[in-house]
Amino acid sequence: SQNNIKNGTYTATVFKCEMRTGKESGAEYLNVSFLCDGGGFVNENYFDSDKPFLQYKLGQLLKACNVTLEGEGTLKDVAKVVKGKKVIIDVVVNDKGYGSLDYSGNNEGIYPIGTNTKSNTEEDAPELDADINEAIEDEDF
C-alpha cells in the first residue's frame, strides 16, 4: 500500500508492535508501527541498549504512552503496554518516502496526547493539513 506520509506533526495510534531480530547483529529489537490519523504510517525501531540516544528514544515512547515500567522492563513488556495507545508524533520523511520520528532540532519525536508539542513561536503555528495546503497553493487567487 502506498504510504503518502509527509513531514509534519500527526496524531497517531500504535497499531503494531513486534519483536524482530537484526539480520546482521542478531540483536532483538522492537519494531513499532504508528498509524497516523488521516492515513499514512511510520515505523520506528527501539533497542535494548545502553546508548544514551536509544534509551532516550525508548523513554520518549513510554512517556508519550503514559506508561511506567516497574523494575527491569524488557522490550517485550514495552510491546504489550504501548499497543493501541494514541500519541502525537513529529515525522520526517527520507528520500525513499519512508517516514520516521523526527528528533532533529527542538523535536522530541513523540509526545503524549494533549501536550502542546511546540513552543508558540510563529513558525510553530499549527500546520494546515497538507492536502488543504496544497489545494490552497494550487488555486490561482
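This is a predicted model, so every value here is computed, not measured.
Y46 pairs by the ring pair (Phe, Tyr, Trp, His ring centres under 6.0 Å) definition with nothing, not counting sequence neighbours. Applying the ring pair (Phe, Tyr, Trp, His ring centres under 6.0 Å) test to Y103 and every residue at least two apart in sequence or in another chain returns F53. In terms of the side chain to side chain donor-acceptor pair (under 3.5 Å) criterion, K80 has no residue partners (sequence neighbours excluded).
Remark: N7 CG to N94 CG distance equals 10.0 Å, nearest 0.5 Å. Taking CG of L30 as the start and OG1 of T74 as the end, the distance is 9.5 Å to the nearest 0.5 Å. The CE atom of M19 lies 4.0 Å from the CD atom of E28; values are rounded to the nearest 0.5 Å. To the nearest 0.5 Å, the span separating NZ on K83 from OG on S33 amounts to 9.5 Å.
Nearest approach of P112 to I88, heavy atoms of both residues: O-CD1, 3.6 Å. A pairwise comparison of heavy atoms in Y29 and G22 identifies CE2-N, 3.6 Å as the closest pair. Taking each heavy atom of K6 and V93 in turn, the nearest pair found is C-CG2, 3.7 Å. Closest heavy-atom contact between L58 and F47: CD2-O, 4.3 Å. Of all heavy-atom pairs between G99 and V42, the closest is O-CG1, 3.4 Å. Pairing each heavy atom of A64 with each of I110, the nearest pair is CB-CG1, 3.4 Å.
Side chains of V87 and L61 form no contact here, defined as non-hydrogen atoms less than 4.5 Å apart. Taking the side chain as every heavy atom from C-beta outward, C36 and I5 approach each other to under 4.5 Å. Between T68 and L62 there is no side-chain heavy-atom pair separated by less than 4.5 Å. Proximity of F34 to L101: side-chain heavy atoms (C-beta onward) are separated by under 4.5 Å at one or more points.
Applying the side-chain hydrogen bond (donor to acceptor under 3.5 Å, both in side chains) test to every pair with at least one member in residues 15-24, sequence neighbours left out, gives these pairs: E18-R20, R20-N31. Every pair tested for ring pair (Phe, Tyr, Trp, His ring centres under 6.0 Å) that includes a residue from residues 65-95 fails, sequence neighbours excluded, so the list is empty. Within the structure, every pair that satisfies the salt bridge (Lys or Arg N to Asp or Glu O under 4.0 Å) test and touches residues 47-58, not counting sequence neighbours, is listed here: E44-K57.
Side-chain N or O atoms of N107 include none that pairs as donor or acceptor with a backbone N or O of G109 at under 3.5 Å.
Heavy-atom neighbours of K86 NZ from other residues, nucleotides or ligands within 6.0 Å: above the threshold of 12.
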Set out, in order, the CA-CA distance, both residues' side-chain angles and the distance that settles side chain to side chain contact (heavy atoms under 4.5 Å, CB included) for S104 and V92, then state yes or no.
CA-CA 9 Å; S104 65; V92 62; over 6 Å; no
